[in-house]
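Below is one structure, written out as structure tokens; the observations come after it.
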Amino acid sequence: MRERRHKMLIFCVAALIASATSQAAAVPHWGAARIDDQSRRPRDADPLRRVPLGVVVYATKLQLRRAFRCAASARRASPTLDGEPLHATLVTDAAGLEWSRAFARAGVFDRAVAVGEVAPAAKQTALRAALPLYERFVALDPDVVLCDGALLATVAAALRTADAATLSATRPDCDASQSPDVVGFRATAAAGALLDAWAEARRELAP
């Protein structure tokens, strides 16, 4: 059996952001729920309801194909997470939501949610908008292809007590580009402040 090496870093973020100034807490967002194959009705009456645990993939309109591939690999690798069926949310911009209508019957994402204009801190602002949607969530970039459920399970477990967690994994039996770092967040004020500070730092670095 090939060696698998995992390195984990867990943040109790309150101390890290004690001096940071938090921005506006909420980003306006709206969404649509997956369509049930039999009833042909949305599975969720409220597509923005809070779910205990799940996966979030942020993608722009041009990244949607990769986002679907990412979510499909997550469902194959981890049909359940913490004993419940895997719940997955696509977070995108308004153009991406318009172009992602096929998600409703694809069986990959449970819902698609759009956020407003988020450049240049697109990823950070999108994850901040996703924070009210889950009690805990693991965030995946659209280029991620999961080989098994270890990444999701490990980060999800850490988020039972940590505000944020990241896992860096080296998998000799996976292409390196398909096994990058993943991050996760718990719906706490500290995690929200960390995401706000991360977004602000990204804006300051933008040309």
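Between Val145 and Ser73, the shortest heavy-atom distance links the atoms CA-OG, 3.6 Å. Of all non-hydrogen atoms in Thr92 and Ala59, the two that sit nearest each other are OG1-O, 2.7 Å. The two residues Arg111 and Val51 make their nearest non-hydrogen contact at NH2-CG2, 3.9 Å. When all heavy atoms are compared, the tightest approach of Val182 to Ala139 is CB-O, 4.0 Å. Looking at every heavy atom in both residues, Leu159 comes nearest to Arg186 through O-CD, 2.8 Å. Taking every heavy atom of both residues into account, Ser78 and Gly149 meet most closely at CB-CA, 4.1 Å.
A distance of 10.0 Å separates CG of Leu205 from CD of Glu200, quoted to the nearest 0.5 Å. Between atom CZ of residue Arg76 and atom CG of residue Asp148 there is a gap of 12.5 Å, rounded to the nearest 0.5 Å. To the nearest 0.5 Å, atom CG of residue Leu133 and atom CZ of residue Arg50 are 8.5 Å apart. Taking OG1 of Thr80 as the start and CZ of Arg75 as the end, the distance is 11.5 Å to the nearest 0.5 Å. Summarising the geometry, atom OG1 belonging to Thr188 is positioned 3.5 Å from atom CG belonging to Asp163; distances are rounded to the nearest 0.5 Å. If you take CG on Leu140 and SG on Cys70, they are separated by 4.5 Å, rounding to the nearest 0.5 Å.
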For this session: Mind running side-chain contact (heavy atoms from CB on, under 4.5 Å) on Leu64 and Leu90 for me, showing each step along the way?
Result: CA-CA 9 Å; Leu64 288 178; Leu90 169 66; 3.9 Å; yes
For this session: Carefully, step by step, assess Val55 and Leu86 under the rule side-chain contact (heavy atoms from CB on, under 4.5 Å).
Result: CA-CA 8 Å; Val55 169; Leu86 183 69; 3.7 Å; yes
For this session: Give the intermediate values and the outcome of side-chain contact (heavy atoms from CB on, under 4.5 Å) for residues Asp141 and Tyr58.
Result: CA-CA 6 Å; Asp141 287 336; Tyr58 169 71; over 6 Å; no
For this session: Take Arg128 and Asp196 through the side-chain contact (heavy atoms from CB on, under 4.5 Å) test and state the conclusion after the steps.
Result: CA-CA 7 Å; Arg128 182 65 176 87; Asp196 288 340; 3.1 Å; yes
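Here the side chains of Val57 and Phe109 are in contact, with some heavy-atom distance below 4.5 Å. Residues Leu48 and Val113 form a side-chain contact, since some pair of their non-hydrogen atoms from C-beta on lies under 4.5 Å apart. Taking the side chain as every heavy atom from C-beta outward, Leu146 and Leu152 approach each other to under 4.5 Å. Arg203 has its side chain within reach of Thr125: a pair of non-hydrogen atoms, C-beta onward, lies under 4.5 Å apart.
In this structure, the side chain of Asp110 engages the main chain of Ala88 through a donor-acceptor pair within 3.5 Å.
Applying the ring-ring contact (aromatic ring centres under 6.0 Å, His included) test to residues at least two apart or on different chains, the pairs with a partner in residues 129-167 are His87-Tyr134, Phe137-Phe185.
Taking Arg160 as the reference, Asp82 meet the side chain to side chain donor-acceptor pair (under 3.5 Å) condition, with sequence neighbours excluded.
Checked against Pro142 for a side-chain contact (heavy atoms from CB on, under 4.5 Å), the options Arg65, Gln63, Arg69 give a single hit: Gln63.
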